[in-house]
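A short worksheet on the structure shown next.
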Amino acid sequence: MDITQRVTANRGYITTSEMNGSSEYQRILRGVKRGELTKVRHGVYALTDELLDNMIDVEKVIPRGVVCLYNAWSYYNLTTTVPPEFCIAIEAKRKVSLNSPFPIKLYYWKKENLQIGVTQAEISGHTVRITDLERSVCDVVKYRNKVGMELCGEVIRNYLKRTDKNLSLLSDYSKKLRVSKTLITYIQMNA
């Protein structure tokens, strides 16, 4: 079996612990030189084409990372904006070195905020931790000055149109994340 077939059979990723000896490791390194494979981080390699077209396996690239912001808004169809990068939240005091070929933006959140509104979802064949629908709406309000008022309004308008929205949960999260007054203003403007 050729090395790209082996990696494909392994859901597009392979770690050094999953390799069968040094000969397979050498084949992986040759695949990296040819551009077929990409070193994601120390000991983790992936098919280059898969990385560019799909959600990354967040747990392998950034263990305990949470998909958030643009990627979450896109996942919940709250915006038509294409995510400019993979937005991943991690604990504020954690140190992560990234030497990956694809764009990842890390957001450093307080430990207690990293536990609010996080769920699991199946995206592009990977089970990832992601902010839930209501948490994602609170985040657009929290980051409104960085992402722009137009995007903030779009996300809130699309959320309000949904039949599966949970306004009481949204209110609860907004209080915990200290964005409730601003969120109420945006809801009134977009209702």
Side-chain angles (χ1 to χ4, degrees), residues 1-136 138-139 143 147:
M1 178 184 294
D2 140 305
I3 198 63
T4 56
Q5 291 172 327
R6 167 99 160 87
V7 177
T8 301
N10 202 39
R11 294 182 51 194
Y13 286 83
I14 192 164
T15 63
T16 50
S17 63
E18 297 167 329
M19 293 178 200
N20 297 323
S22 63
S23 65
E24 190 166 67
Y25 180 69
Q26 292 303 316
R27 290 188 352 218
I28 292 285
L29 293 179
R30 285 191 296 276
V32 170
K33 280 185 180 177
R34 288 190 304 267
E36 297 167 353
L37 299 171
T38 300
K39 181 177 180 178
V40 176
R41 68 178 177 89
H42 181 71
V44 180
Y45 300 86
L47 293 170
T48 304
D49 293 340
E50 291 289 318
L51 289 176
L52 300 175
D53 295 333
N54 297 312
M55 171 58 69
I56 58 174
D57 188 348
V58 175
E59 195 57 32
K60 284 196 177 169
V61 179
I62 304 165
R64 299 182 319 278
V66 177
V67 176
C68 62
L69 302 175
Y70 287 96
N71 300 96
W73 303 325
S74 180
Y75 175 73
Y76 294 116
N77 295 313
L78 294 173
T79 183
T80 56
T81 303
V82 176
E85 55 210 349
F86 293 107
C87 302
I88 311 292
I90 61 172
E91 191 175 337
K93 295 182 180 180
R94 190 168 159 207
K95 293 185 178 167
V96 174
S97 66
L98 288 175
N99 43 341
S100 63
F102 43 88
I104 295 177
K105 171 85 172 166
L106 293 178
Y107 291 86
Y108 297 91
W109 292 354
K110 293 179 185 174
K111 185 177 182 177
E112 58 271 14
N113 289 351
L114 201 54
Q115 297 170 354
I116 298 170
V118 174
T119 188
Q120 286 193 346
E122 183 81 17
I123 305 174
S124 299
H126 303 289
T127 301
V128 297
R129 292 177 38 176
I130 187 170
T131 55
D132 68 15
L133 180 61
E134 282 70 24
R135 170 61 193 264
S136 299
C138 289
D139 287 343
Y143 288 93
V147 301

Would you indicate whether the side-chain heavy atoms of Cys68 and Arg129 approach each other to under 4.5 Å?
-> no

Less than 4.5 Å apart, any side-chain heavy atom of Tyr70 and any of Val147?
-> yes

In terms of heavy-atom contacts, Ser136 and Ala72 come closest through OG-CB, 3.4 Å

Do the side chains of Val67 and Ile88 get nearer than 4.5 Å, heavy atoms only?
-> yes

Please round to the nearest 0.5 Å and tell me the distance separating atom CZ of Arg135 and atom OG1 of Thr119.
-> 13.0 Å

Would you indicate whether the side-chain heavy atoms of Trp73 and Thr81 approach each other to under 4.5 Å?
-> no

Student check: side-chain heavy atoms of Val66 and Ile90 closer than 4.5 Å = no

Under 3.5 Å donor-acceptor, Asp139 side chain and Leu69 backbone = no

Which pair of non-hydrogen atoms, one from Tyr76 and one from Ile130, has the smallest distance, and what is that distance?
-> OH-CG2, 4.1 Å

Residue set satisfying side chain to side chain donor-acceptor pair (under 3.5 Å) with Glu91, at least two apart, ordered chain then number -> none

In Å and rounded to the nearest 0.5 Å, what is the OH to CZ distance from Tyr25 to Arg30?
-> 12.0 Å

Roughly how far apart are Ile28 CD1 and Ser22 OG, rounded to 0.5 Å?
-> 12.5 Å

Please report, to 0.1 Å, the donor-acceptor pairs under 3.5 Å made by any side chain of residues 106-114, with sequence neighbours excluded.
unit_1	atom_1	unit_2	atom_2	d
Trp109	NE1	Tyr143	OH	2.8

Short side-chain donor-acceptor distance under 3.5 Å, Thr127 and Gln120 = no

